[in-house]
Amino acid sequence: MRLTCVSVSLRLGLASLLMIGATAMSRAQDDIGSRVNVLLSKMTLEEKVGQLNMVSNGATLRWEDIASGRVGALLNFNNAQDIARAQAAVRQSHLKIPILFGLDVLHGFRTQFPIPLGEAAAFNPTLSRLASEWAAREASYVGVQWTFAPMADLSRDSRWGRIVEGFGEDPYLGSVLTAARVEGFTKGGLATATKHFAGYGAPQGGRDYDTTYIPPAEMYDTYLPPFRAAVEAGSASFMAAFNALNGVPSTANPWLQTDVLRRQWGFDGFVTSDWAGIHELIGHGVAANGAEAARKAILAGVDMDMMGELYVRYLPEEVRAGRISEGVIDEAARRVLRTKMRLGLFDRPDADPGHVDAIFPSTEARQAARKVARETFVLLQNRNNVLPIVPSARSIAVVGPLADAPQDQFGPHGARGHAGDTVSVLQGIRQRAERSKIQVNYAPACDLFCKSTDQLPAALEAAKASDLTVAVFGEPVDLSGEAASRAHLTLNGKQAEVLEALAATGKPIALIIVGGRPLELGKLADRIPSIMMAWYPGTEGGTALADVLFGDVSPSGKLPLSWPRTVGQLPLYYNRLPTGRPTLENNRFTLKYVDEAITPLYPFGWGLSYTKYSYADPIIAKSRLKPGDTLEVSTMVTNTGSRAGQEAVQLYTRDPIASRSRPLRELKAFDKIALEPGETKRVVLRVPVESLGFHQDDGSYWVEAGTIEVFLGGSSLAEKVGEISILETFTLPLSGQRASSSTMAQ
Ligand code: BGC
């Protein structure tokens with residue numbers, strides 16, 4: 001009885017605290033609202049438009065524009081000296097409105113963490129938060145305030161070079177990780193610009209900047225959820241994408257920038273264009289000149305012009321000529337100023353030029369980078385248990401152009417990463433091998449682009465003289481990232497030839513792939529017993545990889561995308577729709593290629609360990625679910641091997657009969673657990689019944705009555721473990737915030 005009273009009074013106490021918190025918050029918002037209005041009332045039209053202008057550091061920057069209030073944000077200022085100099089220039093302006101300093105800080109500032117696609121392979125939002133927080137801590141130390149990250153673009157096409165900057169092909173994994181990244185950056189002191197809104201990850205043919213066609217319902221179901229998760233996690237701003245979506249460039253797309261983002265999701269921060277994105281409306285063929293481009297972009301809801309200078313050049317005149325009302329400019333300026341106030345820029349001291357990033361990577365930052373990196377490696381295959389390297393090994397050959405490539409280890413957007421800080425793969429292996437008194441024989445085999453095989457004989461010698469070869473090949477950083485679409489996904493240059501020759505030595509060989517996307521392995525998948533994807537692992541990549549190669553830590557990464565056998569299979573993704581002619585081995589007229597298997601080489605969610613896990617019969621807590629209920633699946637997972645490890649337990653569902661075809665499988669929940677040898681843990685995965693539906697083209701969301709199949713396991717090949725029934729069909733309103741109980745006829 002007493003306990004009940006205590007808990008009631010505690011709850012009352014908590015409720016009143018929350019109310020006080022909410023009231024204080026809304027008072028603070030009101031304060032900001034009125035401060036912004038006072039400020040706006042003092043501003044000329046030119047000064048308001050100045051707040052909407054973002055300019056890059058570099059030759060074209062005019063410092064006098066900063067001092068005359070014509071610049072609201074600056075990008076590519078990456079050190080405290082430059083930032084402090086710009087802040088001093090602001091002090092000469094009429095209203096001294098602080099400038100917002102933005103930079104591409106994606107996966108580290110000075111200390112480089114694994115690239116986002118690799119980080120996604122960790123299936124561990126806690127680590128995503130940690131990596132982003134560190135990136136933000138270091139960048140904000142030198143005065144950077146805003147990052148053009150996270151990239152929330154889902155992609156199912158590895159030809160697209162920017163797939164490296166995201167989380168892969170799955171909307172649920174993408175939503176969880178995008179939210180974690182927004183939270184991490186924000187906690188570390190950087191406001192986020194979640195990008196690129198929207199559909200940029202699905203360009204035709206995988207060609208960066210090319211057009212995208214995605215039907216609205218598919219946008220809502222697949223491409224928009226990670227962005228929505230960013231709004232809910234508190235992203236301060238968004239960046240419009242370069243691409244046209246269904247024929248309307250995102251930068252001039254009111255459906256995206258206003259209807260969805262603001263009206264449906266309630267976002268009240270600001271939207272910036274991408275680099276010269278407003279000017280590119282002319283190239284897209286929707287604006288005849290700069291003035292029209294500026295008008296279309298601002299009317300669509302793009303508040304800030306990154307590196308176009310079209311807003312400052314044309315908007316004042318557009319207002320005076322009556323083509324745009326001044327209210328539109330006021331609203332855009334209000335969003336920018338409100339964000340600056342929320343970030344506390346008006347009350348912050350200027351950057352301290354004494355704050356230099358050379359104090360990083362600190363020991364703590366290095367430890368964090370190592371901790372994150374070692375969970376990102378995906379052991380794709382490991383025949384004959386070639387890995388881990390056994391303590392009895394006397395010598396190993398380290399071969400390949402990416403074994404000692406510290407700069408390429410960063411991947412695209414290396415911010416202030418220094419090659420000199422990096423522990424290369426070779427260094428990491430050497431340090432660890434020394435501890436076990438194992439000799440290391442190093443031979444690069446060829447240059448980064450592997451144009452010639454001149455150095456192959458030395459590499460073959462090294463392999464023959466060693467017990468095991470660790471071959472480090474893959475994609476030099478120039479082949480990955482923005483403007484690095486690839487029509488061929490083969491290992492570049494003569495890498496495959498070199499690897500064939502190494503395999504032909506008959507020595508055990510482990511291939512470590514460094515790169516930003518899956519590569520076509522062809523026959524190498526048969527010829528080489530052990531293959532591990534290491535992505536671009538960052539500053540501590542070498543130490544982290546050595547931890548895993550030598551078995552100090554078991555690999556636990558899982559693929560955040562389907563690994564194609566060949567480029568011709570793209571786009572390829574596990575959560576595809578069923579067809580009327582599912583693949584049948586003996587029937588030509590079913591879903592297949594005549595010259596290639598239909599399946600990926602390695603499926604989504606796939607990744608081996610040095611140990612094995614068994615799943616006890618899963619229990620579904622309740623099999624008949626009403627609106628508001630939760631699908632709850634529990635199981636006991638046991639580490640049945642002799643090494644400690646971590647397993648990402650994954651839950652998938654399928655709606656086999658619905659009013660529209662639904663995916664064969666959809667990831668709905670996952671949890672990563674650590675298990676000692678012989679240890680068992682209970683894992684409980686929960687999915688609200690509200691997450692088991694799908695959108696219509698108008699954005700409404702339906703959960704239909706009927707059966708849902710449930711799958712549980714360590715990859716997207718997970719076994720079916722049961723079924724549940726949803727008892728009634730219901731919809732969620734456009735904003736998706738509350739469940740409506742209205743029952744709809746099926
Ligand atoms: C990229 C953005 C990036 C911006 C600023 C553009 O080319 O598309 O992702 O944030 O440049 O560097």
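Salt-bridge check for E165 with R181: failed, with every basic side-chain N at 4.0 Å or more from each acidic carboxylate O. Using a cutoff of 4.0 Å between basic side-chain nitrogens and carboxylate oxygens, R660 and D221 are scored as salt-bridged. Ion pair E183/R129 flagged as a salt bridge, since at least one NZ, NE, NH1 or NH2 atom sits closer than 4.0 Å to an Asp/Glu carboxylate oxygen.
Side-chain contact of S128 with E119: a donor-acceptor pair under 3.5 Å is present, judged by distance alone. A donor-acceptor contact closer than 3.5 angstrom links the side chains of D698 and S700. For the residue pair R565 and T599, a side-chain donor N or O sits within less than 3.5 Å of a side-chain acceptor on the partner. S659 and E704 form a side-chain donor-acceptor contact under 3.5 Å, judged by distance and modelled atom types alone. A donor-acceptor contact closer than 3.5 angstrom links the side chains of S556 and K672. A donor and an acceptor atom, one from each side chain of E596 and Q569, are nowhere located under 3.5 Å apart. A donor and an acceptor atom, one from each side chain of E647 and Y615, are located under 3.5 Å apart. Residues D208 and S485 bring no donor and acceptor atom of their side chains to less than 3.5 Å of each other. A donor-acceptor pair shorter than 3.5 Å can be found between the side chains of N124 and E375. A donor-acceptor contact closer than 3.5 angstrom links the side chains of T222 and E218. Residues S716 and Q650 have side chains that never bring a donor and an acceptor to within less than 3.5 angstrom of each other.
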E169/R156 under salt bridge (Lys or Arg N to Asp or Glu O under 4.0 Å): CA gap, chis, key distance, verdict: CA-CA 5 Å; E169 73 188 29; R156 295 161 158 182; over 6 Å; no
Step-by-step salt bridge (Lys or Arg N to Asp or Glu O under 4.0 Å) determination, E232 to R228: CA-CA 6 Å; E232 276 155 24; R228 175 138 198 207; 3.2 Å; yes
Full working for side-chain contact (heavy atoms from CB on, under 4.5 Å) between V372 and L130: CA-CA 8 Å; V372 175; L130 179 74; 4.1 Å; yes
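Side-chain atoms of Q381 do not come within 3.5 Å of backbone N or O of L608 as any donor-acceptor pair. Side-chain N or O atoms of S691 include none that pairs as donor or acceptor with a backbone N or O of V687 at under 3.5 Å. The closest donor-acceptor contact from the side chain of E666 to the backbone of Y652 lies at 3.5 Å or more, if one exists at all. Looking only at distances, a side-chain donor or acceptor of S715 sits under 3.5 Å from a matching main-chain atom of L717. For the pair T251 (side chain) and A241 (backbone), a donor-acceptor distance under 3.5 Å is present. The main-chain N or O of R581 is found under 3.5 Å from a side-chain atom of T579 such that the two form a donor-acceptor pair. Between the side chain of S725 and the backbone N or O of G706, no donor-acceptor pair lies under 3.5 Å. Side-chain atoms of D697 come within 3.5 Å of backbone atoms of A217 as a donor-acceptor pair (strictly under, hydrogens ignored). Side chain of Y613 to backbone of V649: no donor-acceptor contact under 3.5 angstrom is found. Between the T258 side chain and the W255 main chain, no donor and acceptor come within less than 3.5 Å of each other.
Interatomic distance, Y209 OH to D274 CG, rounded to the nearest 0.5 Å: 8.5 Å. Atom CD1 in I708 sits 6.0 Å away from atom OG1 in T653 (nearest 0.5 Å). Put simply, CG on L667 and NZ on K558 are 12.0 Å apart, with the number rounded to the nearest 0.5 Å. Going from atom CG of N246 over to atom CE of M219 covers 7.5 Å, rounded to the nearest 0.5 Å. In this structure, CD1 on I115 lies 10.0 Å from CD1 on I163, to the nearest 0.5 angstrom. In this structure, CG in L591 is found 4.0 Å from OG1 in T583, a value given to the nearest 0.5 Å.
Aromatic rings of H107 and F113 (six-membered ring for Trp) have centroids beyond the 6.0 Å cut-off, not under it. Ring pair F604/Y573: centre-to-centre distance not below 6.0 Å. Taking the centre of each ring, W265 and F227 stay at or above the 6.0 Å mark. Remark: aromatic rings of Y220 and Y701 are distant, center separation not under 6.0 Å.
By the 6.0 Å and 45° rule, R262 does not stack over the aromatic ring of F267. A cation-pi arrangement is found for R665 relative to F711, the charged atom lying closer than 6.0 Å to the ring centre and inside a 45° cone about the ring normal.
Few gaps surround NZ on K681; more than 12 heavy atoms of other groups in view lie less than 6.0 Å from it. When the shell of 6.0 Å around NZ of K592 is examined, it contains more than 12 heavy atoms from other residues, nucleotides or ligands. No more than 12 heavy atoms of other residues, nucleotides or ligands shown are found within 6.0 angstrom of OH on Y213. Within a 6.0 Å radius of NZ in K720, more than 12 heavy atoms belonging to other residues, nucleotides or ligands are found. The local environment of CH2 in W606 is sparse, with at most 12 non-hydrogen atoms from other residues, nucleotides or ligands closer than 6.0 Å.
Under the 4.5 Å side-chain criterion, counting only non-hydrogen atoms from C-beta, L117 is in contact with P560. In this structure, W563 and L572 have side chains that are not in contact, with every pair of non-hydrogen atoms separated by 4.5 Å or more. Considering only heavy atoms from C-beta on, W535 stays 4.5 Å or farther from P114 through its side chain. Between T192 and S237 there is no side-chain heavy-atom pair separated by less than 4.5 Å. Contact of the V689 side chain with the L631 side chain is not registered, since no non-hydrogen atoms from C-beta on lie closer than 4.5 Å. Proximity of Y200 to L245: side-chain heavy atoms (C-beta onward) are nowhere separated by under 4.5 Å. Residues L685 and L712 are in side-chain contact: their nearest non-hydrogen atoms beyond the backbone lie under 4.5 Å apart. The side-chain heavy atoms of E632 and I620, taken from C-beta on, include no pair separated by under 4.5 Å.
Contact detail for Y536 and G516: the closest heavy-atom pair is CE1-N, 3.3 Å. Among all heavy-atom pairs drawn from V633 and P618, the shortest one is CG1-CB, 4.0 Å. When every heavy atom of A236 is checked against every heavy atom of A191, the shortest pair comes out as CB-CB, 3.8 Å. Across every non-hydrogen atom of L173 and A120, the tightest pair is CD2-O, 4.3 Å. Across E723 and S623, no two heavy atoms sit closer than the pair O-CB, 4.2 Å. When all heavy atoms of A179 and A229 are compared, the pair lying nearest together is CB-O, 4.1 Å.
By the side chain to side chain donor-acceptor pair (under 3.5 Å) test, T211 pairs with no residue at all, sequence neighbours left out. Judged as a side chain to side chain donor-acceptor pair (under 3.5 Å), and not counting sequence neighbours, the contacts of K622 are D629.
Using the six-membered ring where Trp is involved, F242 and H196 have ring planes that are parallel, under 30° apart on the 30 and 60° scheme.
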